[in-house]
2 protein chains.
Amino acid sequence: MRISSKGEYGLRALLDLAQRVGEGPIQSHDIHLRQGIDENYLNQILILLRRAGLIESIRGPQGGHRLARPPSQITVLDALLALEGPLLTFDSGRDALTPTEPMDRNLVREVWDGAREILERYLASITLEDLCQRKAQRSGAMMYYI
Amino acid sequence: MRISSKGEYGLRALLDLAQRVGEGPIQSHDIHLRQGIDENYLNQILILLRRAGLIESIRGPQGGHRLARPPSQITVLDALLALEGPLLTFDSGRDALTPTEPMDRNLVREVWDGAREILERYLASITLEDLCQRKAQRSGAMMYYI
DNA sequence: CGCATAGTCGAGTGATCCAGTCAAGTATCC
DNA sequence: GGATACTTGACTGGATCACTCGACTATGCG
């Protein structure tokens, strides 16, 4: 069970935008240069984020992308749902129709459901703002205060 | 991000064994009949469980499988690790070597690590015994007490 | 208006993984 | 020794991943 690189790349792209709120639209090329994410692949990911309403894209020269909401109102869960679809799904193979022992199957499902709920609660508790603060705090030793 | 059917089937097989502790070895064919899991596929899954030390297999006629430990000492996490390998891994695509912005990557990783820890703690808190009890309780209305 | 810039979209690809199938092998008990 | 039962490995079609590529479209500037 793994988190795809789409999830990592997408979240990093959002973090990149969150750290530059107010600087006007950020071009995907710049994100590519800073984050080292393949540019074409990044573009696909940005489309997913736009369709989910997390970012806005401005076309044409001097265009780019920016967060659709302030960083405090975008959670990691928002990003992962947009990029990877629902968490912890169980397609349960081809025998999904056999009616044998539905009891045991339901038990297993309840465990999965509980796991998903716990995971979603955790991911929904982390916003882009939190992550930016965490980053700023970590390089705090090098920061200058006025 | 999904849990494969291997995880569901394997856990159901373990539950099947847990409900028949003390009845001697249970044959994979019987599990197949009760749970409706493809017999050949089930055999592969049982091998995984045996290699992980969760069950023991007895060969020959009247052979079969049984739990290697009491149901109270086998957790859902044990089963999932045996069947699906480590939870919530992030292989992060082919660019894993580019040294750009390791900070953001680490931030994302920490979120993932936190998620995994939370998930593992939850799954490790549920034993086969818990699930059997839950099942017995649910059909409690139909039970006879001596 | 025309052109370069920049973002959008969809098709395609090799690699890997799933879920299952199949065939052959091996151990055990009667 | 033979039937039973579990083991093992190879294989397959389909799906998904992580891109790659090429064409399309919208925008702003001269």
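Numbered from 1 within each chain, the chains take letters A, B, ... in sequence-line order.
- Residue contacts shown for B/H65 are limited to sugar-phosphate atoms, with no base heavy atom under 4.0 Å away.
- Following rounding to the nearest Å, A/E39 (CD) and C/dT8 (C1') show an atom-to-atom distance of 13 Å.
- Taking atom CG of A/L42 as the reference point, atom C1' of C/dA6 lies 13 Å away to the nearest angstrom.
- For the pair A/N43 CG and D/dA23 P, the computed distance is 17 Å after rounding to whole Å.
- Salt bridge present: A/E110 and B/R138 bring a charged side-chain N and a carboxylate O closer than 4.0 Å.
- Backbone-only engagement by A/Q27 is indicated by non-hydrogen atom pairs under 4.0 Å involving sugar-phosphate atoms exclusively.
- Legend: residues meeting side chain to side chain donor-acceptor pair (under 3.5 Å) with B/N40, ordered by chain and number and at least two apart, are absent.
- For C/dA19, one of the phosphate oxygens OP1 or OP2 lies less than 4.0 angstrom from a side-chain nitrogen or oxygen of B/S4.
- Which of D/dA18, C/dA19, C/dG20 sits closest to the side chain of B/D38 comes down to C/dG20.
- For the pair B/R51 and B/I26, nearest-nucleotide mapping onto DNA chain D gives the more 5' position to B/I26.
- Using modelled atom types, one side-chain atom of B/D78 and one backbone atom of B/T75 make a donor-acceptor pair closer than 3.5 Å.
- For D/dT7, the OP1/OP2 oxygens have a side-chain nitrogen or oxygen of B/R50 closer than 4.0 Å.
- Relative to the side chain of A/N40, the nucleotides C/dG20, C/dC22, D/dG22 differ in distance, and D/dG22 lies closest.
- Evaluation of the salt bridge (charged side-chain N to carboxylate O under 4.0 Å, His left out) rule for A/E117 yields A/R121 as partners, not counting sequence neighbours.
- In the region residues 53-60 of chain B, proximity to DNA chain D at under 4.0 angstrom, judged on heavy atoms, holds for B/S57, B/I58, B/R59, B/G60.
- For B/L49 and D/dC6, the CG to C1' distance is 14 Å, given to the nearest whole Å.
- Here D/dA18 presents its C1' atom at 14 Å from CG of A/L83, a figure rounded to the nearest Å.
- If you take CD1 of A/I45 and P of C/dT8, they are 13 Å apart, rounded to a whole angstrom.
- Remark: B/E56 engages B/R66, B/A68 in a side chain to side chain contact (heavy atoms under 4.5 Å, CB included) (not counting sequence neighbours).
- By the side chain to side chain contact (heavy atoms under 4.5 Å, CB included) test, A/Q133 is found to be paired with A/E129, residues two or more places apart in sequence or in another chain being considered.
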Atom pairs and distances, side-chain donor-acceptor, residues 41-54 of chain A, under 3.5 Å, sequence neighbours left out:
| unit_1 | atom_1 | unit_2 | atom_2 | d |
| --- | --- | --- | --- | --- |
| A/N43 | OD1 | A/S28 | OG | 3.1 |
| A/N43 | ND2 | A/E39 | O | 3.4 |

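- Among D/dC6, C/dT21, C/dT8, the nucleotide with an atom closest to any side-chain atom of A/I47 is C/dT8.
- Counting to the nearest Å, the P atom of D/dT20 and the CD1 atom of A/I37 are 13 Å from each other.
- OP1 or OP2 of C/dG20 has at least one side-chain nitrogen or oxygen of B/Y9 nearer than 4.0 Å.
- For the pair B/E8 CD and C/dC18 C1', the computed distance is 14 Å after rounding to whole Å.
- The phosphate of D/dA18 has OP1 or OP2 within less than 4.0 Å of a side-chain N or O from A/R2.
- A salt bridge is defined here as a Lys NZ or Arg NE, NH1 or NH2 lying under 4.0 Å from an Asp or Glu carboxylate O, and A/K6 with A/E84 fails to meet this definition.
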